[in-house]
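Structure record follows, encoded as structure tokens.
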Amino acid sequence: MKLNKSLVIPSIAFFLLAVTLCMGWRSTNSARPIAHHAKKMEEKETKRSILVTNFESTYQQIKAFAPTLDSNVFKQAYIGYLNLRDQGKTHSSILSIADLSIHSSQPRLWIIDLADDRVLVNTFVAHGRGSGLTEAKSFSNRPNSNQSSLGFYLTGETYQGKHGRSLRLDGLDEGFNTNARARGIVLHGAWYVGSKILKGQDRMGVSQGCPAVAEALKDKIINLIKDKSVLYIHGSSKTYHSALLNEQLATESLMASSITPEKTLLDSMELNESGGLL
């Protein structure tokens, strides 16, 4: 059978054109998801760089006056602070950090004003006797454990108790510190905390789980941090975790906030007799 060339040639040409168009369409559309994914990754990296840049700028500003404050501990506290602020749970610029992984003979409580990156106080703080006498190695949310509880807190109201003027604390990390108020975990002054204690022993005294500070600094500290500021208590723990450590949410909060990397340093700071910064 003879084929009609007038029909075959146009048919072949049409087939080749159709194949070419199809391949071009597939190439264009297959590239779209790749381009979209690349754009999303770029946006994610940009957001992450905003958090990193802001954190590093803030940490660089304060570390001259807080050389023993670990950068990873500060980053955790900072991320939690941003998330709590975004949730509307705090409107304070004050962030307090107690690093119980540091020996109690060292000043391990920092009170920082993030409005201008000032270290307001750096002093001693006691941990619970159930966590260990010399070093805090175990932590609990259980009543009567006499152990310190890790995690994020909001400071509450002041009251007069057996330790005089004290400050109530509300734990925010379920399973780690949410029994704080029921346990009577508060910030209070204690005679067994302060530089003078180290003249007779190599550690601070221990509490029943409260973050106790020197009597001489008690009122100053309470006045600085009362009324819903953030306190982060850190310790050496493989089990602690918190929803407040979500970096993505912290980045979104940072992008929407008025906090900027441009900060000012403290011009001068004075060490008082209790080992605190005035």
Side chain [X], main chain [Y], donor-acceptor under 3.5 Å:
X	Y	result
Thr251	Glu247	yes
Ser92	Lys228	no
Asn83	Ala250	yes
Ser166	Gly164	yes
Thr155	Ile225	yes

* Asked: Using the ring of each side chain (for Trp, its six-membered ring), is Tyr232 parallel, tilted or perpendicular to His234, with breaks at 30° and 60°?
  ->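 Ring orientation, 0 to 90° scale: tilted.
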
* To do: Indicate the ring-plane relationship of Phe176 and Tyr240, choosing parallel, tilted or perpendicular according to the 30° and 60° boundaries.
  => perpendicular

For residues 132-139, run the donor-acceptor check on the side chains, cut-off 3.5 Å, and write out each pair with its distance to 0.1 Å, sequence neighbours left out.
{"from": "Ser138", "atom 1": "OG", "to": "Gly130", "atom 2": "O", "distance (Å)": "3.3"}

* Can you run down the ring pair (Phe, Tyr, Trp, His ring centres under 6.0 Å) pairs that involve residues 182-231, sequence neighbours left out, and say none if there aren't any? =>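 Listed by first then second residue: His163-His188.
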
* To do: Please check if Tyr81 and Leu249 belong to a single hydrophobic cluster, counting links between Ile, Leu, Val, Met, Phe, Trp and Tyr side chain heavy atoms closer than 4.5 Å.
  =>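 Per the 4.5 Å side-chain linkage, Tyr81 and Leu249 are not co-clustered.
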
* Pairs involving residues 172-186, ordered by first then second residue, that meet salt bridge (Lys or Arg N to Asp or Glu O under 4.0 Å) (sequence neighbours left out) -> Glu157-Arg181, Asp170-Arg181

* Output all residues satisfying salt bridge (Lys or Arg N to Asp or Glu O under 4.0 Å) with Lys218, sequence neighbours left out; order by chain, then residue number. => Glu215

* Asked: Residues two or more places apart in sequence or in another chain: which of them pass salt bridge (Lys or Arg N to Asp or Glu O under 4.0 Å) with Asp219?
  -> Arg165

* Are the ring centres of Phe74 and Phe55 closer than 6.0 Å? -> yes

* Will you find, in the side chains of Asp202 and Ser105, an N or O donor that is under 3.5 Å from an N or O acceptor? ->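 On atom types as modelled, these side chains do not qualify, holding no pair under 3.5 Å.
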
* **Sole residue of Asp99, Asn122, Val213, Ile233 in side-chain contact (heavy atoms from CB on, under 4.5 Å) with Leu109** => Val213

* **Those residues that, when tested against Tyr153, pass ring-ring contact (aromatic ring centres under 6.0 Å, His included) (two or more places apart)** =>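 Not a single residue meets the ring-ring contact (aromatic ring centres under 6.0 Å, His included) criterion with Tyr153.
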
* To do: Decide side-chain contact (heavy atoms from CB on, under 4.5 Å) for Val73 and Ile97; before the verdict, give the C-alpha distance in whole Å, the side-chain angles of both, and the deciding distance to 0.1 Å.
  => CA-CA 8 Å; Val73 174; Ile97 304 171; 3.8 Å; yes

* Asked: Run the side-chain contact (heavy atoms from CB on, under 4.5 Å) check on Val186 and Tyr159 step by step: do they pass?
  -> CA-CA 10 Å; Val186 301; Tyr159 73 101; 3.5 Å; yes

